[in-house]
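Whatever order the structure lists them in is the order used to number ligands and atoms, beginning at 1.
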Amino acid sequence: MKKPDLASKPVKELSADEAAAELERLARAIAGADEAYHGKDRPLMPDAEYDALVRRNALIERDFPKLKREDSPSTRVGAAPSTKFDKAPHAVSMLSLDNAFADEDVIEFEARVRRFLKLGDDASLAMTAEPKIDGLSLNLRYVDGELKVAATRGDGAVGENVTSNVLTVSDIPTRLSGVTGVLEARGEIYMSHADFAALNAGLERAGEETFANPRNAAAGSLRQIDAAVTASRPLRFFAYAWGELSAPLGDTQMQSVARLKALGFKTNPLMKRCENVAAMLDHYKSIEDQRALLGYDIDGVVYKVDRLDYQERLGFVSRSPRWAIAHKFPAEKATTTLEAIDIQVGRTGALTPVARLKPVTVGGVVVSNATLHNQDEIERKDIRVGDTVVIQRAGDVIPQIVEVLIDKRPAGAEPYKFPETCPVCGSRAVREEGEAVRRCTGGLICPAQAVERLRHFVSRNAMDIDGLGDKQIEAMFAEKIVFEPADIFTLERRQKAGKIDLYAYKTKADGTLALKDGKKQPSNQKSVDNLFSAIKARRAPALDRFINALGMRHIGETNARLFARHYGTFEAFRNAAIGAAAEGASYDDMLSIEGVGALVAGGVIEFFKEAHNRDAVVRLLDEVEPQEMKAAASTSPVAGKTVVFTGTLETMTRDEAKAQALALGAKVSGSVSAKTDYLVAGPGAGSKLKGAEALGVAVLTESAWRALIGGGG
Ligand code: IVH
């Protein structure tokens, strides 16, 4: 690759070497531009070009954090990117707005302002009217024209420093020409409808949780810590206010916003100066009419007193200015028919009902789906397929059913019956007491949950497979190479047999595997082989990690450890879980574990009730061998002793007895030898009993054994 091409190569396509070269070039170019700008008062390049350099530098540093240079230009702008967002106190607090819902409220607001300022009815009192953007407010602090800190609103007094993320937002200038001292611009970060839809589609494809609305998407994207993520999410910004200023921006609201625009900020084109209340309400109607066509969410109109000297006199009441008010839009409603209720299965197995509607236009947007939340909601509202329903679209993009028009119910409409099996994998879907959601129990095999389960399986506190992170799991699932945990352990065999070709995947700068790029790259062989050794290294996992890795409901690290300690081996645990579903003794034994209650036991039992899960576990056990867990420094008299069970036990199953012995730190063996300490013999004992007697091994009845271990435990 020749040099001139490199500067325009998309960051996502850069190799590590190219990225390093680019960071070096950018550091030099930006430092040169800075020097020319400050030292000689003669900029080397237009601001937009400078912005582009700073942004590219930030993007590369996000994708290649390890390559960040000591002399990185990003360290100069604001705080260095940290793993946590630092606190950023606001020089001037960020306030909220009072709300108006009806025209009368607006008329009253205007009258109140007049009274406060002692203006007669004839005195002119102009106000601005502009869309209220449904996003997040942001304060951008520039010192001598350079963006130093970008901070969220937070509690109004202290926000979060999101400077490094804001650098990727192209609506926000990193430098302002001809500005000295402090200038704080304020406005709203938001995401357009189109970008929101594309983002969600991508997340869905990757099996990730989608955002409920553009506002949440903007918030989530702005607060991303992970490098590449923020950069790939297009955020926009409208400036509409300011904080600390060394010099005023203008005499009026209109002038000040015009100045922000001249400095390079995006300002809203629908902002208008209105001479009186009638003009304000007219503009409100006009904005409402255009609402659906704007391409971004707004939830009202903000009116502000235009003259800044008036604003100054009016001041604030508690946390809102007296000189401004937000006139909210009413939620948009429409009537349509409910054609079907579909069930979606989320990544955690939650079954969510979705209303399929006869398409209808609500405030200019065609709506064909609505959320139904959960089973109770459907029952409470008695929503039936065929019903005529009133839907409402508020700030959120997902509409809701607010009312069922019972008089219009067609004859024969049946109450909706919520499914008790998962529509994706057919496993039983259970609803725990006190829970609103019903969940699929097909954990390991349900495609709707597969990616999430696999991610958990390989994660740090579970199987902890190096080099196999979220991205790799997603890529392998998308490429249909890995569906369930066992598949991870057959990768190497399949590669050797030529059934898959992991060498054709792209290797990232940190040596991990990324998405397939189609080309075979010899350099991949090393990272793939590293992955194979990392997988091999986990073929004998600690029992508690293994139990945790299965991702049973309510079983995390802590509970997995309780089970591992109690049962000692996976065999014992599995038998107990299967047994507990059928017989009281096993169940009681499980509940006897300190820290294990009905909820946790239920999570295990439901998991093993599912044949799909049992089969997936069997396939996994063909590949891995969970280690026996020794009881932690047991004080039990049988700790460290070798025990053999034979004959029929009366108060418990053989497996239970073994598990109990293991939990107490004993070793359980299948045959009698000179090393055997105790033979526990029930009725029907045969050759083992004879052997023990011949070797002089202590023979115990079941009750003697229980007495030995302390009352039967
Ligand atoms: S002016 C002193 N103008 O609404 C108040 N706010 O409910 C300064 N917002 O926190 C705010 N669009 O996040 C103003 N055109 C607009 C706005 C706007 C959206 C948000 C802002 C504020 C919230 C108050």
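- The single protein non-hydrogen atom nearest to atom 5 (C) of ligand 1 is L97 CD2, 3.7 Å, given as residue, atom name and distance.
- The ligand atoms of ligand 1 that sit less than 4.0 angstrom from a heavy atom of P321 are 2 (C).
- Taking atom 11 (C) of ligand 1 as the reference point, the nearest protein heavy-atom neighbour is Y240 CE1, 3.9 Å.
- Separation of atoms OG (S256) and NZ (K304) is listed at 10.5 Å; rounding is to 0.5 Å.
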Using salt bridge (charged side-chain N to carboxylate O under 4.0 Å, His left out), reason through R236 and D171 one step at a time and then give a plain yes or no.
CA-CA 6 Å; R236 295 163 195 250; D171 282 353; 5.6 Å; no
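- Among all heavy-atom pairs drawn from A100 and I325, the shortest one is CB-CD1, 3.9 Å.
- Closest to atom 12 (N) of ligand 1, if we only count protein heavy atoms, is I133 N, 3.0 Å.
- Within the 4.0 Å heavy-atom criterion, both parts of K132, backbone and side chain, lie near ligand 1.
- Here the shortest heavy-atom distance to atom 15 (N) of ligand 1, taken over Q311, E130, R153, belongs to E130.
- Atom-to-atom distance recorded for W323:CH2 and Y303:OH is 15.5 Å, nearest 0.5 angstrom.
- In this structure, atom 20 (C) of ligand 1 has protein heavy atoms in its sub-4.0 angstrom surroundings.
- For atom 13 (O) of ligand 1, the closest heavy atom belonging to the protein is E188 OE1, 2.8 Å.
- Residue S320 does not touch ligand 1, judged by heavy-atom distances below 4.0 Å.
- Geometric assessment of R307 against the ring of Y310 yields a positive cation-pi assignment under the 6.0 Å and 45° thresholds.
- Side-chain contact check for R62 and N57: no donor-acceptor pair (N or O, by modelled atom type) lies under 3.5 Å.
- Ligand-side atoms of ligand 1 in range of L95: 2 (C), 10 (O), range being under 4.0 angstrom from any heavy atom.
- The CG atom of L138 sits 6.0 Å away from the CG atom of L222 when rounded to the nearest 0.5 Å.
- Assignment of G135 to the shell around ligand 1 is not supported, since no heavy atom sits closer than 4.0 Å.
- Here the side chain of R114 pairs a donor or acceptor atom with the backbone of A123 at under 3.5 angstrom.
- Looking only at protein heavy atoms, the nearest one to atom 3 (N) of ligand 1 is K304 NZ, 3.0 Å.
- With a 4.0 Å heavy-atom cut-off, ligand 1 is reached by no atom of R186.
- Here the side chains of R291 and F329 are in contact, with some heavy-atom distance below 4.5 Å.
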